[in-house]
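In what follows, residues are counted from 1 in the order of the sequence shown.
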Amino acid sequence: MDYFRAPDGPLFMIICGEGPCSGIANDYINVLAKKFQAGVVSLEHRYYGKSSPFNSLATENLKYLSSKQALFDLAAFRQYYQESLNVKLNMSNGGNENPWFFFGISYSGALSAWFRLKFPHLTCGSLASSAVVRAVYEFTEFDQQIGESAGQECKGALQETNKLLELGLKENRKAVKSLFNATELDVDADFLYLTADAAVMAFQYGNPDKLCVPLVEAKKNGSDLVETYSKYVREYCMRFWGLRVRTYNRKHLRNTVVTADSAYRLWWFQVCTELGYFQVAPKNDSVRSQQINTMFHLDLCKSLFGEGVYPKVDATNLYYGGDRLTATKIIFTNGSEDPWRHASKQNSSHEMPSYIIKCRNCGHGTDIRGCPQSPMVIEGKSNNCSLPDYVNKVRQQMVEHIDLWLSECRKPIRSSI
C-alpha cells in the first residue's frame, strides 16, 4: 500500500496464477500504481504455494481445484479486504467502496478477464495480459507460432535437431539424454516434451537469439546440432531460467505429498480436466516431435490422475465464452511472438480493446514485464524491446482505458461521524 491515496484511492488486485505467490513484483503494474496512487494487493491461487487445503494431493483431493473456485475466492477476498479497509480508515458502512481494478498474466490473465465477466460489480475493469481465455484441446497453433517466430533458418535447424534427437534415442537413448542432464526421464516422449519446451522458452520470454544464433551457426558450419542445442538447454534454460528435468518426470508428477514443486502436478490437473492446451505437433511442418501428440497428453493425464480424467474444454468455453466472451471494460494484450496468444482474444472492440504488441522479442506478458524477461526487468522497462515505441504506445492506451474506467465507477467515500 506504498502509493495508496487514502481514503478514496483505487485498489489494484494482482491475481497470482499456477504457482506460489511470492510477493508483488516491481514491474509495470508498480508504475501504474504510482501513477494512479493505488494500493496493490495480491491473492495466491487455491492449492498452490501455501494455500493447499489438504495434506495430500491425491486425485480425489483435487476436486476443488478449478478456475471457477478461484474466481469465487477472488470475490470473497475482495469483499473481505474492502470491509477491513473501511474499518481501518474509519469509513462509514453506507456501501463505501474504493474503485478496484484487476490484473493478471497468462492463466491469471484469463482469471482477470473471467472475473470481470462473472463479477462486473466488483471491479471497474480488468487487464488481461497474454490471457489464455480459450480452452483448447489440440493446440497446434502453439507450435506453428514457434516456427513462424523462429524464421526459416532457425526453424529448419530446429527441425533437423529434432530428427537427430529421435534418431539418437533409438541408437543410444542414455547418451542423448545425458547431454541434457535428463537420464532420469524413462519415457522418451517426456524427454522430447522437455526439449520442445526448451525451444519455446526462447520465444515466449523474449530471447530468440539465445537459441537461434548458435543453432543456425552450427548448421552452417556443419557442427553437431544436438550438442549445440543441449548446450543452450543446459546453460540458458536450466542454469539461467531454472528449468528442472524432474518436472517432466511422471514419477515426480505422481507424487501426492505437498512440496515446493507441487505446482507442476496441480497445473497438469487443471490442464487435464478443464483447460487442455495440449501442445500437439501439427501434422505438417512441425518444429516439435510428432511423438508429442494427443495420445501423449491423454496418456500423461491418465498416468498422473487415473482413469476418466479428460479436459472438458467445450464446457469451459461454454461457461466463459472462449475468445468470444461477451463482457465490458477488459483490456487484452499479447506479444506478437508469444505462442500463447492464439488462446487469447485478439479481436478488438470498443468495450474490450485488444492490442498485439509487435516486436521481434515481444513475448508473454511484455506489456507488464518488458523484454526480455530474465533477469526481471525493473518496472518492466521497454528499452530492450526491439521496438520500444510500440510497447510504450500500447501502454499509453492501457493507461487511458484504466483512467477512464476508474473514473466511471468511482463512488464517494464518506468518513464516519
Inset, instruction - Starting from the C-alpha separation in whole Å, work towards a yes-or-no answer on ring pair (Phe, Tyr, Trp, His ring centres under 6.0 Å) for Tyr107 and His45. - result: CA-CA 11 Å; Tyr107 166 60; His45 195 296; 5.4 Å; yes

Inset, instruction - Starting from the C-alpha separation in whole Å, work towards a yes-or-no answer on side chain to side chain donor-acceptor pair (under 3.5 Å) for Gln159 and Asp285. - result: CA-CA 8 Å; Gln159 289 173 324; Asp285 206 28; 3.1 Å; yes

Inset, instruction - Would you sort out whether Cys359 and Cys385 count as a disulfide bond (SG atoms under 2.5 Å apart), showing the intermediate values? - result: CA-CA 7 Å; Cys359 75; Cys385 298; 4.9 Å; no

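For the residue pair Asn98 / Gln82, a side-chain donor-acceptor distance below 3.5 Å is found, with atom types taken as modelled. Defined by atom type and a distance below 3.5 Å, a donor-acceptor pair is missing between the side-chain atoms of Tyr355 and Asp367. Side-chain atoms of Ser67 and Tyr320 include a donor-acceptor pair closer than 3.5 Å. Between the side chains of Glu274 and Ser66, no donor-acceptor pair is found at a separation under 3.5 Å.
Within the 4.5 Å cutoff, the side chain of Tyr264 has heavy atoms near those of the Arg244 side chain. Annotation: side chain of His297 is not in contact with side chain of Pro311 (no heavy-atom distance under 4.5 Å). For the pair Val200 and Phe142, the minimum side-chain heavy-atom distance is below 4.5 Å.
The two atoms that bring Phe203 and Cys212 nearest to each other are CZ-SG, 3.8 Å, heavy atoms only.
If you run ring pair (Phe, Tyr, Trp, His ring centres under 6.0 Å) between Tyr310 and each of Phe305, Tyr137, Phe278, only Tyr137 comes through. Partner of Asn334 under the side chain to side chain donor-acceptor pair (under 3.5 Å) criterion, out of Ser354, Ser129, Ser344: Ser344 alone.
A salt bridge between Lys283 and Glu138 is absent, with no side-chain N of the basic residue lying under 4.0 Å from a carboxylate O of the acidic one. With respect to the salt-bridge test (charged N to carboxylate O, under 4.0 angstrom), the residues Arg360 and Asp209 qualify. Salt-bridge check for Lys231 with Asp224: failed, with every basic side-chain N at 4.0 Å or more from each acidic carboxylate O. For Lys210 and Glu235, the salt-bridge test fails: no basic side-chain N is under 4.0 Å from an acidic carboxylate O. Remark: Glu351 does not engage Lys329 in a salt bridge, criterion side-chain N to carboxylate O under 4.0 Å. Between Asp188 and Lys177, at least one side-chain N (NZ, or NE/NH1/NH2) sits under 4.0 Å from a carboxylate O, which counts as a salt bridge.
Remark: Cys237 pairs with no residue by the disulfide bond (SG atoms under 2.5 Å apart) rule, at least two apart or across chains. Scored by the side-chain contact (heavy atoms from CB on, under 4.5 Å) test, Ala6 finds Phe4, Leu89 as partners (sequence neighbours excluded).
Ring geometry, His364 versus Trp340: the interplanar angle falls from 30° to 60°, so the pair is classed tilted. By the 30° and 60° cut-offs, the orientation of the rings of Phe240 relative to Tyr236 is parallel. Classification of the Phe115-Phe102 ring pair by plane angle, with boundaries at 30° and 60°, yields parallel.
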Atom pairs and distances, side-chain donor-acceptor, residues 68-75, under 3.5 Å, sequence neighbours left out:
from: Asp73; atom 1: OD1; to: Arg46; atom 2: NH2; distance (Å): 2.8
from: Asp73; atom 1: OD2; to: Arg46; atom 2: NE; distance (Å): 2.6
from: Asp73; atom 1: OD2; to: Arg46; atom 2: NH2; distance (Å): 3.3

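Counting non-hydrogen atoms of neighbouring residues, nucleotides and ligands closer than 6.0 angstrom, the CG atom of Asn55 reaches no more than 12 such neighbours. By the 6.0 Å contact criterion, OH on Tyr64 is open, its count of non-hydrogen atoms from other residues, nucleotides or ligands being 12 or less. Within 6.0 Å of the CG atom in Asn221, the count of heavy atoms belonging to other residues, nucleotides or ligands exceeds 12.
A cation-pi contact links Lys118 to Tyr319, judged by a cut-off of 6.0 Å to the six-membered ring centre and 45° from its axis.
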